[in-house]
Structures are given as structure tokens and as C-alpha cells.
There are 2 protein chains.
Amino acid sequence: MFYQAPPEAATPSFFRSGLPLPMLTEAGSGAMKRTMARCSGCARRSVCMPLDLSAAQISRLDTFVRETRPVSRGQPLYLAGDRFQNFYAIRTGSFKFVTVNRDGLEQISSFFVAGETLGLDGVSSGSHAGEAVALEDSSACVIPFAALEAFCAESRAMQRHLHRLMSEEIVRQAALVMLLGTMKAEQRVAAFLLNLSERVGRQGYPRSELALRMSREEIGNYLGLKLETVSRMLSKLTRQGLVEIRAKRIRIVDFGALARV
Amino acid sequence: MFYQAPPEAATPSFFRSGLPLPMLTEAGSGAMKRTMARCSGCARRSVCMPLDLSAAQISRLDTFVRETRPVSRGQPLYLAGDRFQNFYAIRTGSFKFVTVNRDGLEQISSFFVAGETLGLDGVSSGSHAGEAVALEDSSACVIPFAALEAFCAESRAMQRHLHRLMSEEIVRQAALVMLLGTMKAEQRVAAFLLNLSERVGRQGYPRSELALRMSREEIGNYLGLKLETVSRMLSKLTRQGLVEIRAKRIRIVDFGALARV
DNA sequence: CGGGGGCTTGAGCGTAGTCAAGTAAAGTGG
DNA sequence: CCACTTTACTTGACTACGCTCAAGCCCCCG
């Protein structure tokens, strides 16, 4: 869900990139400078776009995916109520998606990492239902939705891809509802770690090594628990020998037992 | 979200229909018989299809929306794991959407009523993530997804409609996550009643009269509470004079106070 | 190396869960 | 239509899980 397997000697950038893929080759990648996006030459296109596009279609992408936006840690990519115009494909880093209810209470309903797509919450109403905040210095490619929708009419593959994105979001949320509705604190934390682990594994890193990008409080908010409870459960799992913890670095020792919690 | 404002003297069928619209005019509407669907002549087309379709496009709908499926109370419209082939537009009645986790625990993550569309959970994986069960004798129009997707490539309006459907589902789930993550039992029940009330109102019935279609246990499951707790909270709200309850018939007396709970 | 924020741990409390009994409503069959 | 069975709901007493408040520790960063 966010992730990451830090091989012991990982360099910070490797560690942060989220995907074991080469960085883009564009010039001028200053931290806060907006850069041009070029899907046609992007090494990670397979992560955020469908595979079976023709060469012509790929260069067509370049006509509307023009910009990559850097976002510093703690800064929003968009805010609740912002007019919905774009999807954002995360290129590097990670984000949390936060909604605020009428009482001002915040709820984190998703964490996103590199390769995943943000902004789907705006499609139905025309404005964003929540805000997307960077958990670390990150960057995202800006995909204008109107142009994407037009492109979908031409490309079956792109249409499929879009539908899949939205449906995946639905399934992800359903899993969270399941967690919040049926699990006890210890199970929630265990499930969270395993989910994390799986995402790490999918990106080619060792499944047992996690480097959290979010605080205990954010984890608690996401899991419907208080930060103290998250901490207690992590300690409990440690005492039982299922995990080893050093601050935001977590090693999963016994996958089977963790799944059985 | 499910059910309904019973004007005191409502007939059973009116009561059950879910929408203040005339029934379809097709012949042969035996309870368990599958009937032909005809979007072109359907009085409720505006509820489940986009408004701005041309006459030609509407008759095009008839080429693939062919069947209406009756489902008896307690029976599934589809099961978890079923191959995903169709969306289902609910014509009459109501459904719950249930997912089952690996431990066999069930979680209701949505209730659906007439006019709403079921089955979105299957798009990403190709098979349904959960099952849709009728809360009462119901019927749904079968919309083959492949054909719908093809139609979307031709009609911008239909494409928009589909995207809106999926995004609405995302927003709905996000609201449930918010409820489960941040609210106390009394607030959850109050929010549930208000949500119900709003849907009732949108369908043209008085907002203050609710006729629940689901049991306390189902409400509790949906809200992440036990049935006893739901019952206690309903009693509490009654004692405070915010609602009046007679079994599955609920009258909201004080909307403002209910919202402030 | 010192300061500060994030994290851990403890004690006590409150909310919701569990178990159980009793009541109301909804089916079922004569 | 009524008696009977079954299921759904309500209420109470008790328990336990997670929250609150508070103190202290450990990283991480400057």
C-alpha cells in the first residue's frame, strides 16, 4: 500500500523511488521545478498505462500528458473541493488520501505509491471529495481527464485501463470497509503489515522488509484506531515474535502467524 | 439507501417499488419469470441511463439490454467469484452487497435500491468480489458489460454515465469508511437513518418516514456494530425524542438533532 | 550533542461486545 | 382466522477492548 523494502545498503533515492525502474531521462529535474512529461519515452509507462497501445497511440499520450508536478512532503497535490480536472499518476514517492467530514474529523482512506493513480474521487461530482497529501517528497504526472476520456473513445485498451483503475479503487475500499467492520485492533495492524508486504513484494523488493512512510497516527487513522493502540499492537506482535521493529523500519519474521492473528 | 417512505395508506406494490414511477408495460410479469427488457419504452430509463441519448442510441440499448431478472427475497443476483459479465440495474426492490473474508466473516458494504446499478465490483478482476442478495422480492435489468463498454466508445454521454457510476461507488464507499473510522455507535445509527431519509426524499417520498428492508443484524453488520448495539441506539434516539420506532417502521421526528448527534 | 517530535508504555475509564432472558412480530398450518 | 412456531427485536448484567490522559524514552535532525 505504500511500502518499501530497504535492502540494507539501499541508497536514499533507490529507497524512495517506489519502483525498481530507471528514472526518467529528462533534463532539468530540479526538486520543485515542473518538468515536461513524455509518456513515449517513459520507462514506467507500463506501470500507469495499458501495455497494448500502438506506437501512434503512445505518442498521442504525449499530446495531453504534458506535465510532471513535484510535491514536497506534507503538501497537497489537490484539495477537497478543488475542481476535478486531472488524474495524477504517481511517478515517485507516496501520498495519503484524506477526507474531512462535517465535524472537521479527518479520515485517511487510502495510501498510494509510485505507479498508482490518484484523483478518481472527483469524477462523479466534478470536484474532489478529499485531498491528496504527499507523505514524502514526491512527483506525479498530470493526466487531464477530459483528454483521457476522449482518448478512451478511440482506444479500447485505454478504456479498459480506466475502468480497471476505477474498479480497483472500489475493491480496495471494500477491503478497508471489511477491515474496519470486522477486525479487532491486532488483526487490523497485522493485515496492514501484510498488505504492505505484498505491495513491496510486487515491486520486486523482499517482502519481509518494510519502511513505513507514515506515522503511527496516520496508520491509526487509516485503521480506525488511536496511535497508542497501533503502537501497543506492534509491541504485542513483536513480543510474540512475529515482527521486529525499529521505529519506521519493520521486519516481518513469521508471515503465517501474522496471517492467522 | 434501501427503503422507503410509506405514506400511511400505501399499497404493498407502491410501497415496494422503490420509485414513484409507473411499472413497465410489458405483458407476462409473473413473479419468477424472466421478462424481456426494453429500454426504449421504459418509464424509468432516466434513472439508470443517461438522459442525453439520441433516439437511435436508445434503441441501440435494446440490442443488448434484453433481459430482466427476478430475484426472490434472500436469493443472490450473483455470487462472489462468479465471472463478471453484467451490470444490473435494479428495477424493483433492494439488495445488499456482501463480501466474505478469508475467515468466513461477512461484511455488508452497500445497500442498493431501485434505480441504482449493481455489479461494479467485478470490472477489475473479471470476477465478482462479493455477492448481491435481494432484501425483498426484486428485479433487475441485465446489462452485458462488454456491449456497454463498446457502446461507450460511440456515445460520450454513455461513457460519462459509466464513469459517474463507478466514481459514485467510490464516493459512497469513502463515506462508509469515514463512518466506520471516526464515528461512535450512536452517530453511526443516526447517520444511517439520515442517509436513508435523504434517499427516500430524492425519490419523492416524505423524508421522515422510513420502512427498513433489512434486519437489525444487517444494519449492525453494515455499520460495524452488533445488532444489540443498533437496537440500544435506536431506543436511545427514541428516548431522546429524535425518532419514533415500531419495528421496521421508523419516523424521524427531529432532523436537526439527529444530524447533531 | 542537544532539542523536539514521534513513539512506547502504564493506569484507569468508558463504550460496545457478550451472554442471557424475555417480548413482539412474522410466518405456518389447521 | 386463530393457535402455534419461529424468528426478530429489546433490554439487562457483566466483561473486555480500545480510548484517554500522562509520563518517559528513543530517534532523527539540525
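Chain letters run A, B, ... following the sequence lines, proteins first and then strands; every chain starts at 1.
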OP1 or OP2 of [N] under 4.0 Å from side-chain N/O of [X]:
X: B:Lys226; N: C:dC19; result: no
X: A:Lys248; N: C:dC7; result: yes
X: B:Thr229; N: C:dA16; result: no

Provide, to the nearest angstrom, the distance between the [atom1] atom belonging to [X] and the [atom2] atom belonging to [N].
X: A:Ile219; N: C:dG6; atom1: CD1; atom2: P; result: 13 Å
X: B:Leu234; N: D:dT10; atom1: CG; atom2: P; result: 6 Å
X: A:Lys184; N: D:dC19; atom1: NZ; atom2: C1'; result: 15 Å
X: B:Arg213; N: D:dA8; atom1: CZ; atom2: P; result: 16 Å
X: A:Arg232; N: C:dA11; atom1: CZ; atom2: P; result: 11 Å
X: A:Glu136; N: D:dC28; atom1: CD; atom2: P; result: 16 Å
X: A:Leu237; N: C:dC7; atom1: CG; atom2: P; result: 16 Å
X: A:Leu179; N: D:dG18; atom1: CG; atom2: P; result: 12 Å

Aromatic plane relationship, B:Phe111 with B:Phe192 - under 30° parallel, 30 to 60° tilted, over 60° perpendicular: perpendicular
Whether A:Phe97 and A:Phe112 hold their rings parallel, tilted or perpendicular, with breakpoints at 30° and 60°: perpendicular
Proximity to the side chain of [X] - top-ranked nucleotide from [options]:
X: A:Leu225; options: D:dG18, C:dG10, C:dA25; answer: D:dG18
X: A:Arg246; options: C:dA11, C:dA25, D:dC27; answer: D:dC27
X: A:Glu228; options: D:dG12, C:dA16, D:dT20; answer: D:dT20

With a non-hydrogen cut-off below 4.0 angstrom, is [X] in contact with a base, only sugar-phosphate, or nothing?
X: A:Gly220; result: nothing
X: A:Ser235; result: sugar-phosphate
X: A:Ser215; result: sugar-phosphate

Check: A:Tyr88 ring centre within less than 6.0 Å of A:Tyr78 ring centre: yes
Basic-acidic side-chain contact under 4.0 Å: A:Glu136, A:Arg73: no
Pair A:Arg199 + A:Glu116: basic N to acidic O under 4.0 Å: yes
Between the base of [N] and the side chain of [X], is one N or O donor paired with an acceptor at under 3.5 angstrom?
X: A:Glu186; N: D:dC17; answer: no
X: B:Arg216; N: D:dT7; answer: no
X: A:Arg188; N: D:dG18; answer: no
X: B:Arg239; N: D:dT10; answer: no

Distance-only side-chain donor-acceptor flag, B:Ser110 / B:Arg172, under 3.5 Å: no
Nearest-nucleotide 5' precedence on DNA chain C, A:Leu227 against B:Arg73: A:Leu227
